[in-house]
Protein chains: 2
Amino acid sequence: MMILGLVRWMQPVHGYDVRRELLSWSADKWANVQPGSIYHALRKLTEEGLLREVATEQVGARPARVTYGITSKGEDEFQGLLRGHWWNLGEVVDPFFAAFSFLPALPRDEASAALRNRARLLRAVNDSLRAAMESGWMKDDKPVHVGWMWQLSIARAEGEIGWCERIADLIDAGVPYLPEDYAEEPAWAQFGTLVAEATWHGGPTPDRPSPDQSSPDQPSSNQSSPDQPSPERSSREQPSPTVDGERT
Amino acid sequence: MMILGLVRWMQPVHGYDVRRELLSWSADKWANVQPGSIYHALRKLTEEGLLREVATEQVGARPARVTYGITSKGEDEFQGLLRGHWWNLGEVVDPFFAAFSFLPALPRDEASAALRNRARLLRAVNDSLRAAMESGWMKDDKPVHVGWMWQLSIARAEGEIGWCERIADLIDAGVPYLPEDYAEEPAWAQFGTLVAEATWHGGPTPDRPSPDQSSPDQPSSNQSSPDQPSPERSSREQPSPTVDGERT
DNA sequence: TTGGAGTTAGTCAATTTTGGTTATTACGCT
DNA sequence: AGCGTAATAACCAAAATTGACTAACTCCAA
């Protein structure tokens, strides 16, 4: 619940304000907050004691609007959540991952074309982000860190562009999808291994390292993972190094 | 609904099979499919005519299991969805984005420490992914494109690592968050601009450009923003431009 | 041979999310 | 003054999602 964060910023607000703000920067896209959920969220947060109702104004015969503020308990919770997201890697969802896992379902030439197209799209987006950052409109009245967020988008996309083209080349080159001996058998046993892809950022749920400290744990010379990635273990217990079950 | 894709792969399956498979590669992490949703999804897809019940076996007194197969309508739908995700950029959600937008809520030194820590974490993850790819266990019995997906993770992360360190440096250097003249005013008018970040890949919902074409639209010379950043509008009417608190 | 640990297959109530709907007022235009 | 459109401020029923739960079977060890 990052609605809480918003209420904290905008202090006394009513639902519609939150909704406007959220929609204004189309947060329904990159967060997952649809306008319909807002009132429910506000009420839920209130009943959890994280928010409190500050006032109930009424203008004319319009629906009365309730304004909310944050409680100190809410402030704590917010700090906690915030730290959690700053210090740990979160689950990213990207549907393209899911789609890519069905690679063998596409004809080779389409796959590589799509990848090259993806690279084009990413470049176009990057260009327009860069253009937007140059063009004064955010030079003076927008906080700097908005630009920084765009740069993150750009940086990630740049990595991805290279990948798209490398992989497209591989596909064009006819690199086989399956390690020879695979014949026909369980054609779908394919992913199975995606496991690790997600397993990695498992770790022992390291929430909130220490809410007010600067360098929370290791002395900066330490390069091995703080508490979670343990870079040497590589492949832990795989569910089964074999093809795991695989009935008919 | 990418459950459909699974059923397509594994042809006659019953819910539990799907569930096992999904859990096995912890798809509940990187997609968003919790085991509880599966049966509902199967039934919904069936009633939409994308799947059909193939049989209803019963073993002993255990709950009868219904096996599903895909219909030709379902096949079409699947192809459509697949193409959609391959040819368009999808909405990525990453909670870190949301968290980062609250940057000014953190003390500078914590922010930069957290970013450097993030870089460390990303590096560690990358190392272990790379290690996993070397170590034979996926050399022979895992399809090649699983490795490719990992490489995508790595490529993106590499971009992000650089960003983390650049930004951490900026923060350490004391670069101000707000463009001077900002004083106090609407401290939260901050993001507002995140708009564009998501608006970008809006476009006119270009679903499936043409399943066999290569270069879909613009001639790559286009450098001004495609349809979106409209760099003039900024902070609208604030309900109350006062200081908004920061109460305890 | 019993007990308990795990597997199989799926259900279900409670919570969440969603997209549309309501009902009033403000504004713009002729 | 009259009319239509947009903004305001929410509500709500329906759909989706969730995590916990059931309940029978299997299989091995004590």
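Order of the sequence lines fixes the chain letters, A, B, ..., with proteins taken first and strands second; residue numbering starts at 1 for each chain. Here the structure is a predicted model, which is why all the values come from computation and not from measurement.
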*Considering the options B:T46, B:I3, B:V13, which one meets the side chain to side chain contact (heavy atoms under 4.5 Å, CB included) requirement together with B:L51?*
B:T46
_Please report the distance, rounded to the nearest Å, between CD in A:E57 and C1' in D:dA10._
14 Å
*asked:* Looking at every non-hydrogen atom in both residues, tell me the closest pair between B:W30 and A:S101 and how far apart they are.
replied: CH2-OG, 4.4 Å
*Grab the two heavy atoms, one from B:L6 and one from B:V18, that are nearest each other, plus how far apart they are.*
CD1-CG1, 4.0 Å
*Roughly, in whole Å, what's the span from CD1 in A:I3 to P in C:dT16?*
13 Å
*asked:* I'd like to compare against my own output: the B/S/- annotation of nucleotides 15-22 of chain D with a strict under-4.0 Å heavy-atom distance to protein.
replied: -SBBB---
*asked:* What is the separation between atom OH on A:Y39 and atom P on C:dT18, rounded to the nearest whole Å?
replied: 16 Å
*Decide yes or no for A:V146 and A:W150: does some side-chain heavy atom of the first lie under 4.5 Å from some side-chain heavy atom of the second?*
yes
*Could you state the atom-to-atom distance from CG of B:D17 to C1' of C:dG10 in whole Å?*
13 Å
*side chain to side chain contact (heavy atoms under 4.5 Å, CB included) between A:F102 and A:L106, worked out*: CA-CA 8 Å; A:F102 288 109; A:L106 287 176; over 6 Å; no
*Does the distance from a Lys or Arg side-chain N to an Asp or Glu carboxylate O, for B:D94 and A:R156, drop under 4.0 Å?*
yes
Protein-nucleotides 2-8 of chain C N/O pairs closer than 3.5 Å?
{"from": "C:dT8", "atom 1": "O3'", "to": "B:R62", "atom 2": "NH1", "distance (Å)": "3.4"}

_Quick one: does any side-chain atom of A:R118 pair with a main-chain N or O of B:W87 as donor and acceptor, under 3.5 Å?_
no
*Heavy atoms only: give me the nearest B:A31-A:V93 pair and the separation to one decimal.*
O-CG1, 4.4 Å
